S.K.: 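Here it is: the structure, laid out below.
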Amino acid sequence: MKKVGFVQNDPLFGEVERNVARALELASKVEADLLVFPELFNTGYLFLSKEEVSKLAEDLEGYTVSELRKFAEDTSTALIAGFAERDGDKFYNSAVVIDENGDVKGVYRKTHLFFEEKLFFEPGDTGFRVFHVAGMRVGVMICYDWRFPEAARTLALKGAQVIAHPSNLVLPFAPTVDLARAVENRVYIILSDRSGVEERGGKRFEYEGRSLVVDPGMKVLVQAPKEGEHAMVAEVDPKLADNKKINELNDVFGDRRPEFYEGLC
Ligand code: ACM
């Protein structure tokens with residue numbers, strides 16, 4: 001059995017040191033093998049210009065990843081966290097994957113950009129990736145990727161037992177839709193959303209919170225409320241996700257008929 005969970009924070013826009021410290025303070029209140037932090041957990045979400053992204057984006061040697069690595073090593077906790085990634089003169093809405101020894105295993109760069117993210121970030125070029133951390137196979141998708149069932153399906157077909165879903169949800173659907181993604185793929189999903197309200201430059205986003213861990217049978221193991229900051233953990237058995245059988249005659253992957261799914265790709 002493994003302990004997996006999420007941090008649900010309410011970052012202040014641009015206050016990276018404060019936001020990282022607060023998220024790690026929340027994380028230190030629980031014991032886990034794997035914790036997922038929200039999308040852009042360190043900067044906040046509501047960027048108004050590419051110049052702002054440029055000021056706050058970091059590479060894998062930067063402050064945020066260094067702090068996460070120290071925490072991961074000190075507590076033997078694998079971490080997956082959303083941040084604005086700088087790669088040369090390009091910016092990505094990314095999630096870094098750090099193993100329980102504090103080593104960076106890689107990044108996932110958000111495939112489906114939402115709304116004005118399209119003005120500030122490059123579309124992700126990594127594709128959907130599965131990482132081996134804390135004795136589990138963990139795939140990553142970011143926020144609006146939820147609207148494309150192909151994202152979770154691709155990760156599950158690549159062998160993910162757990163899908164980490166860092167988010168900044170501005171629509172109410174994902175805490176429900178992720179339950180369907182879990183049961184149709186027979187995987188665990190860790191949805192890590194932020195809470196609170198951001199108002200900048202005449203724009204306003206209210207975030208959904210309601211982070212959760214759901215099992216391959218669609219049972220919600222833990223869930224945060226919409227409001228407030230929380231760290232929560234559930235016990236999971238990743239091997240359950242390797243078994244796609246739902247009875248002696250049905251296997252939800254074995255029963256697929258891709259020859260009739262023309263038009264999907
Ligand atoms: C979103 O993709 N952050 C809504």
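Just so you know, ligand 1 is whichever comes first in the structure, and atom 1 is the first atom listed for that ligand. All values derive from a computational prediction rather than experimental measurement.
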S.K.: Between the protein and ligand 1, which nitrogen or oxygen pairs come in under 3.5 Å, and how far apart is each?
M.R.:
| residue | atom | partner | partner atom | Å |
| --- | --- | --- | --- | --- |
| ligand 1 | 2 (O) | Lys110 | NZ | 2.7 |
| ligand 1 | 2 (O) | Tyr144 | N | 3.1 |
| ligand 1 | 3 (N) | Glu39 | OE1 | 2.9 |
| ligand 1 | 3 (N) | Asn168 | O | 3.2 |

S.K.: Quick one: does any side-chain atom of Gln8 pair with a main-chain N or O of Ala224 as donor and acceptor, under 3.5 Å?
M.R.: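 No, the answer is negative, given that no donor and acceptor are paired below the 3.5 Å cut-off.
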
S.K.: Please confirm whether Phe128 and Tyr108 have ring centers closer than 6.0 angstrom.
M.R.: yes

S.K.: Tell me whether Arg153 is salt-bridged to Glu150, with the criterion being a basic N under 4.0 Å from an acidic carboxylate O.
M.R.: no

S.K.: Within the distance-only criterion (no hydrogens, no angle test), does the side chain of Asn185 pair as donor or acceptor with the backbone N or O of Arg181 below 3.5 angstrom?
M.R.: yes

S.K.: Taking all atoms of both residues into account, what is the closest heavy-atom pair of Phe47 and Arg200, and its distance?
M.R.: CA-NH1, 4.2 Å

S.K.: Could you tell me whether Arg194 sits above the aromatic face of Tyr207, with NZ or CZ closer than 6.0 angstrom to the six-membered ring centre and within 45 degrees of the axis?
M.R.: yes

